[in-house]
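Take a look at the structure set out below.
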Amino acid sequence: VIKNLETEEVRQWLRSLIGENNGSLGLSRLAIELSGVRNGVSKIHAEHASRMYKERDGSQVIFHPVTNGISRRWIEPRLLELYEEESILNRDFLPTPDYMGRIENLDARVLREIKTGYRSRLVDYLRTRRDQYGGFTTIDAEAVEAIWACWNKRVADYKRPELLFTYLQKLGRILDDKNIHIILSGKAHPTDEPMKRRLQWILQNVNEDAILRRRVHFIQNYDAELAKQLIFGVDIGFNTPRVRDEFGNSINTEADGTFWKKLIANLAILISTKDGGVADLDNLPCLEITGGSDKEEVDSLYSCLVRAADERRDLTLW
């Protein structure tokens, strides 16, 4: 690095920085030193980062929250058109001053028509994508009227894709009783062998259970197009990042994530732990997964799923 720097003053500055760090230099330290502004992508992320990092003199680095957002392409086109027609969003894709009241005045029948209308298109799209068995994903006609939920994102340890599948028989009963189908999709990092094995464990258990085999569909080769189709069409989405360490202490693992924003914008019910950008709001925009232990969190997750299914079912009576 030093030999590629043209200015001796900068070389000396970098040498001193390396010297202060016992002959090494972390990228985080270099980024902090070179940044004019330090931002976190949610309030909770900025607070966490401010506690983690120090300036060269040992003082606290102050991170400012600049929460992530989503673009127009993540809202179902007919729904976006409605939001703009009803002046919920302005031409700059920002909420209008009285957007909350305008949301309350939306015609529920129109919302239901848009949402259920897209479901048929989602079924057709999934017929072009392969499931965990290598065949094209064919879901029977009755499933169009079922409740659809999804867990689709990068498969990583802190996101806990296995949490939903902790108690297989209990999950199966809920899916059958409430007529729910779950779409599961995501990729582990190519070098993350533990997460690859965990995903294999999930799919093996799904395959060995008659109910889950019929109601849980893993879609291969997760990509942006699949993510968009699912966001537009599902009723419920899961966001399960870890919020406790092994000693039960509160931690923050999801910087922000935009999955939950996409779900809410497309009229889906979010089931989530209080982490990342979800925690930015005083009134959480989700059914919250709570608990001081793994078992308590799983019980809460299942209770949220039952409640979400009941609430969604009520909406079909509009």
Side-chain angles (χ1 to χ4, degrees), residues 1-71 73-74 92-94 152-162 186-199 221-224 227 239-262 272-281:
V1 174
I2 290 178
K3 69 180 181 180
N4 290 312
L5 296 174
E6 295 181 356
T7 307
E8 181 59 29
E9 182 181 5
V10 177
R11 291 195 197 101
Q12 291 298 336
W13 169 80
L14 187 58
R15 288 191 185 100
S16 67
L17 201 59
I18 294 171
E20 292 172 10
N21 287 273
N22 299 317
S24 65
L25 182 62
L27 291 180
S28 295
R29 165 55 52 198
L30 189 59
I32 288 170
E33 292 298 325
L34 293 175
S35 298
V37 177
R38 292 79 173 258
N39 293 330
V41 294
S42 67
K43 290 179 181 178
I44 195 170
H45 181 236
E47 292 168 0
H48 183 70
S50 294
R51 291 193 298 269
M52 280 185 63
Y53 297 105
K54 302 293 182 183
E55 300 281 9
R56 293 179 73 177
D57 62 6
S59 62
Q60 184 182 36
V61 178
I62 302 301
F63 284 80
H64 304 279
V66 182
T67 303
N68 278 340
I70 61 172
S71 69
R73 71 189 183 97
W74 287 106
D92 297 317
F93 193 58
L94 294 172
N152 58 294
K153 57 193 73 183
R154 182 170 60 87
V155 179
D157 176 71
Y158 76 89
K159 293 177 182 286
R160 299 190 294 177
E162 75 284 355
K187 295 178 180 178
H189 189 277
T191 63
D192 193 347
E193 296 301 327
M195 286 311 301
K196 291 179 184 179
R197 290 193 294 271
R198 200 173 304 177
L199 185 55
N221 300 318
Y222 182 58
D223 56 21
N239 186 51
T240 54
R242 195 180 307 281
V243 290
R244 291 176 297 101
D245 64 17
E246 57 185 314
F247 305 107
N249 300 313
S250 177
I251 58 173
N252 170 240
T253 55
E254 184 75 76
D256 177 20
T258 56
F259 170 76
W260 64 276
K261 300 182 181 78
K262 297 164 187 171
S272 178
T273 53
K274 188 178 180 181
D275 200 18
V278 174
D280 277 1
L281 294 96

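What's counted below: heavy atoms across the whole structure, side chains too, no hydrogens, waters or symmetry copies. None of the values given here were measured: they were computed from a predicted structure.
Applying the salt bridge (Lys or Arg N to Asp or Glu O under 4.0 Å) rule to pairs touching residues 250-259 yields K159-E254, D256-K261, sequence neighbours excluded. Sorted by first then second residue, the salt bridge (Lys or Arg N to Asp or Glu O under 4.0 Å) pairs that include residues 35-46, not counting sequence neighbours, are R38-E55.
Distance alone, capped at 3.5 Å, is enough to place a donor-acceptor pair between the Q60 side chain and the S50 backbone. When atom types are taken as modelled, the side chain of D57 and the backbone of S59 share a donor-acceptor pair closer than 3.5 angstrom. Of the possible polar contacts, none joining the N21 side chain to the L25 backbone as a donor-acceptor pair under 3.5 Å is found. With hydrogens and angles ignored, the 3.5 Å screen pairs no side-chain donor or acceptor of R244 with any backbone N or O of N249. A donor-acceptor pair under 3.5 Å links the side-chain atoms of T240 to the main chain of R160, judged by distance alone. Not a single donor-acceptor pair under 3.5 Å links the side chain of T253 to the backbone N or O of P241.
R29 places a side-chain heavy atom less than 4.5 Å from the side chain of L17. Counting heavy atoms from C-beta on, the side chains of N39 and V37 come closer than 4.5 Å. Side-chain contact between V41 and V66 is absent, with no heavy atoms from C-beta onward closer than 4.5 Å. In this structure, the side chains of F259 and N152 come closer than 4.5 Å at one or more pairs of heavy atoms.
By the 6.0 Å and 45° rule, K187 does not stack over the aromatic ring of Y222.
When all heavy atoms of K196 and P190 are compared, the closest pair comes out as NZ-O, 2.5 Å. Shown here for V243 and K274, the closest heavy-atom pair between the two residues is CG1-O, 3.9 Å. A279 approaches I44 most closely through the heavy-atom pair CB-CD1, 4.2 Å. In terms of heavy atoms, A188 sits closest to M195 at CB-CB, 4.0 Å. Listed here is the closest heavy atom pair of S42 and G276: OG-C, 3.9 Å.
For the 3.5 Å distance criterion, the side chains of D275 and T273 fail to qualify, holding no donor opposite an acceptor. A donor and an acceptor atom, one from each side chain of T67 and D280, are located under 3.5 Å apart.
Summarising the local packing, CD of E193 is surrounded by more than 12 heavy atoms from other residues, nucleotides or ligands at distances under 6.0 Å. Counting heavy atoms of neighbouring residues, nucleotides and ligands inside a 6.0 Å radius, atom CD1 of I2 exceeds 12 of them.
Note: H45 NE2 to N68 CG = 9.5 Å, rounded to the nearest 0.5 Å. Note: Y158 OH to N252 CG = 9.5 Å, rounded to the nearest 0.5 Å. Between F63 atom CZ and I32 atom CD1 the span is 4.5 Å, to the nearest 0.5 Å. To the nearest 0.5 Å, atom OG of residue S71 and atom CZ of residue F93 are 6.5 Å apart.
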Please assess D157 against R242 for the test salt bridge (Lys or Arg N to Asp or Glu O under 4.0 Å), listing each intermediate value before the final yes or no. CA-CA 9 Å; D157 176 71; R242 195 180 307 281; 3.5 Å; yes
Run the side chain to side chain contact (heavy atoms under 4.5 Å, CB included) test on K153 and N239 for me, step by step, so that the C-alpha distance in whole Å, both residues' side-chain angles and the decisive distance to 0.1 Å come before the verdict. CA-CA 9 Å; K153 57 193 73 183; N239 186 51; 3.1 Å; yes
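Here R15 pairs with E8 in a salt bridge; the nearest charged N to carboxylate O distance falls below 4.0 Å.
Among residues two or more places apart in sequence or in another chain, the salt bridge (Lys or Arg N to Asp or Glu O under 4.0 Å) test is passed with R154 by none.
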